[in-house]
Asker: 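This is the structure I want to talk about, given as structure tokens.
All values below come from the heavy atoms of this structure, side chains included, with hydrogens, waters and symmetry mates left out. Predicted, not measured: the structure shown is a model, and the values here were computed from it. Residues take their numbers from the sequence shown, with the count starting at 1.
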Amino acid sequence: MIIMALDHVRDFIHRAAMSSSPTDLATTTPILFLTRWITHFCAPVFVFTAGLGVYLWWQRGRSKGQLSKYLATRGLWLVFLEVTVMRLAYNFDLAQSYPLLLLVLWALGGCMILMAALVWLPVRALAVLSVATIALHNLLDGIQPARFGSAAPLWNVIHQPGAFPMGKALVIVGYPLVPWVAVMALGFSFGPMFQMEAGTRRRHLLNIGVAMTVAFLVIRGLNSYGDPAPWSTQLSTTYTWLSFLNTTKYPPSLAFLLMTLGPALIVLSRLDALSFKASNPVIVFGRVPLFYFVTHFYLAHIAAAVLALVRYGSAAWAFIFHPVPSMGGPVKLYPPDFGYNLWMAYAVWAVIVIGLYPACRWFAGVKARRKEWWISYL
């Protein structure tokens, strides 16, 4: 979650984010590429651990029916937040003239809705289905939405990122549900491992993590399957390695998921042996993930507006209540040099994360003290 905020702050603050991708090898720098690359670990780990959390929640004396109902209602709530609260955070405006972005909360919510049905499968069967979907979904890369005619938007929702009109709004699907739902289901399937003796669990996590990491190196090295964007030899060794690491996130390819989940499981096997104080920031932020997620987006956008007022003075009022160009905002409305150096994005990121700590600690205390059913949805 801490690393995730860096990427989102960069989207609002960094000058290059307004016109180019940090993974475009023709325009990026190694530090910019790696600033983006390290945040690739966030979404897969979020979705995987969400599935794991679902399993552990179920094991606390709940029935399958209660689990399924909670997943469906929680999922619908997250989708609602995406198209309302998060849309305001992205745009500072709810006007339909700006794109409706279906991003992280949409993906988590949509996957939870699907998981409401999938949890009725035996855990082993769900594990096999999850692995098969993750391993084979790249076979669908060549299928374009246009093939389905009027049903093309459905394929955008299922597997192919893209845009389609809905009423007066343009909907942009950044996170299709496949294979994200398989990642969540895989996390759910890991649940029984967390009921094992600690040493056995850590050994399994380490072995699986190493196996996935090696599989990434082999599959990516063969360069024939597992990612729609093959790597290639560049003008320097550094950029050749960047090309090797430049796997596809939208939707996450097999190579992308092996590259991120493999090392993540290795790290988890090590962290599992440690204990943390309740006041540790990683514990505090982890107890209020939704509060942190929503709030940090608003703070990142507010920071961009404040910096614009400092830099451009009263002229900034003409554009600061519109989405920034990197979020689909009107390029012509913004100054051509809008944005700041990468070090400024890092500085704003640090200020936001440090500033969020007391707020998150307070809200974690509220959640611990309050027992109303609706608290679990916040």
Side-chain angles (χ1 to χ4, degrees), residues 1-40 42 82 84-101 103-105 169-170 172 174 242 281 285 291-360:
M1 291 169 61
I2 293 171
I3 295 172
M4 168 196 68
L6 173 60
D7 190 51
H8 296 152
V9 169
R10 181 191 59 76
D11 280 333
F12 285 101
I13 300 297
H14 188 217
R15 184 179 298 111
M18 306 304 153
S19 59
S20 62
S21 167
T23 57
D24 183 350
L25 299 184
T27 58
T28 194
T29 64
I31 186 62
L32 177 57
F33 180 96
L34 293 174
T35 297
R36 170 57 172 154
W37 181 82
I38 192 63
T39 66
H40 279 340
C42 301
E82 181 72 273
T84 54
V85 175
M86 293 310 300
R87 189 178 191 189
L88 184 60
Y90 303 146
N91 299 343
F92 274 0
D93 194 324
L94 292 175
Q96 292 188 339
S97 56
Y98 297 123
L100 175 61
L101 305 177
L103 302 177
V104 176
L105 291 191
L170 178 68
I172 298 179
L242 296 186
F285 293 149
F291 176 85
Y292 175 98
F293 183 88
V294 172
T295 305
H296 96 278
F297 256 108
Y298 277 92
L299 292 178
H301 203 163
I302 289 170
V306 170
L307 288 173
L309 286 169
V310 171
R311 181 176 180 182
Y312 300 104
S314 59
W317 292 110
F319 57 83
I320 60 173
F321 289 107
H322 299 272
V324 297
S326 59
M327 302 297 291
V331 176
K332 294 182 178 179
L333 196 60
Y334 280 79
D337 61 345
F338 178 76
Y340 310 87
N341 293 333
L342 188 60
W343 71 264
M344 178 63 80
Y346 272 89
V348 172
W349 165 60
V351 169
I352 287 176
V353 171
I354 293 170
L356 273 172
Y357 176 78
C360 288

Asker: Find out whether Leu242 and Trp37 are in side-chain contact, i.e. whether some heavy atom of one side chain is under 4.5 Å from a heavy atom of the other.
Answerer: no
Asker: Nearest 0.5 Å, what's the CZ-CG distance between Phe338 and Leu307?
Answerer: 8.0 Å
Asker: Identify the two heavy atoms, one from Arg15 and one from Gly339, that lie closest to each other, and give their separation to 0.1 Å.
Answerer: NH2-O, 3.3 Å
Asker: How many angstroms lie between atom CE of Met18 and atom CZ of Phe12, to the nearest 0.5 angstrom?
Answerer: 8.5 Å
Asker: Hey, mind stepping through Leu32 and His14 against side chain to side chain contact (heavy atoms under 4.5 Å, CB included) and telling me if it holds?
Answerer: CA-CA 10 Å; Leu32 177 57; His14 188 217; 3.7 Å; yes
Asker: Can you give me the closest heavy-atom contact between Ala300 and Ile13, atom names plus distance?
Answerer: O-CD1, 4.4 Å
Asker: Between the side chain of Asp24 and the main-chain N/O of Ala26, is any donor-acceptor distance below 3.5 Å?
Answerer: yes
Asker: What are the two closest non-hydrogen atoms of Trp349 and Ile2, and how far apart are they?
Answerer: NE1-O, 2.8 Å
Asker: Let me have the donor-acceptor pairs involving side chains of residues 313-331, under 3.5 Å, with sequence neighbours excluded, atom names and distances please.
Answerer:
from   : atom 1 : to    : atom 2 : distance (Å)
His322 : ND1    : Tyr98 : OH     : 2.3
Ser326 : OG     : Asp11 : O      : 2.4

Asker: How many angstroms lie between atom CZ of Phe293 and atom OH of Tyr298, to the nearest 0.5 angstrom?
Answerer: 11.5 Å
Asker: Does the pair Asp337 and Arg311 meet the rule for a side chain to side chain contact (heavy atoms under 4.5 Å, CB included), with working shown?
Answerer: CA-CA 11 Å; Asp337 61 345; Arg311 181 176 180 182; 2.9 Å; yes
Asker: Got a second to check how far Leu101's CG is from Leu170's CG, nearest 0.5 Å?
Answerer: 9.0 Å
Asker: So which heavy atom on Arg36 is nearest to which on Thr23, and how close?
Answerer: CG-CG2, 3.7 Å
Asker: Taking it one step at a time, do His296 and Met4 satisfy side chain to side chain contact (heavy atoms under 4.5 Å, CB included)?
Answerer: CA-CA 10 Å; His296 96 278; Met4 168 196 68; 3.5 Å; yes
Asker: For residues Phe297 and Met86, report the shortest heavy-atom separation together with the two atoms involved.
Answerer: CD1-CE, 3.3 Å
Asker: What are the two closest heavy atoms between Thr28 and Pro22, and how far apart are they?
Answerer: OG1-O, 2.7 Å
Asker: Going from CZ on Arg87 to CG on Asp93, what distance comes out if it is rounded to the nearest 0.5 angstrom?
Answerer: 8.5 Å
Asker: Nearest 0.5 Å please: distance from the CG atom of Leu342 over to the OG1 atom of Thr29.
Answerer: 7.0 Å
Asker: What verdict does the side chain to side chain contact (heavy atoms under 4.5 Å, CB included) test give for Tyr90 and Glu82, after you've listed the backbone C-alpha separation in whole Å, the side-chain angles of each residue and the deciding distance to 0.1 Å?
Answerer: CA-CA 10 Å; Tyr90 303 146; Glu82 181 72 273; 2.7 Å; yes
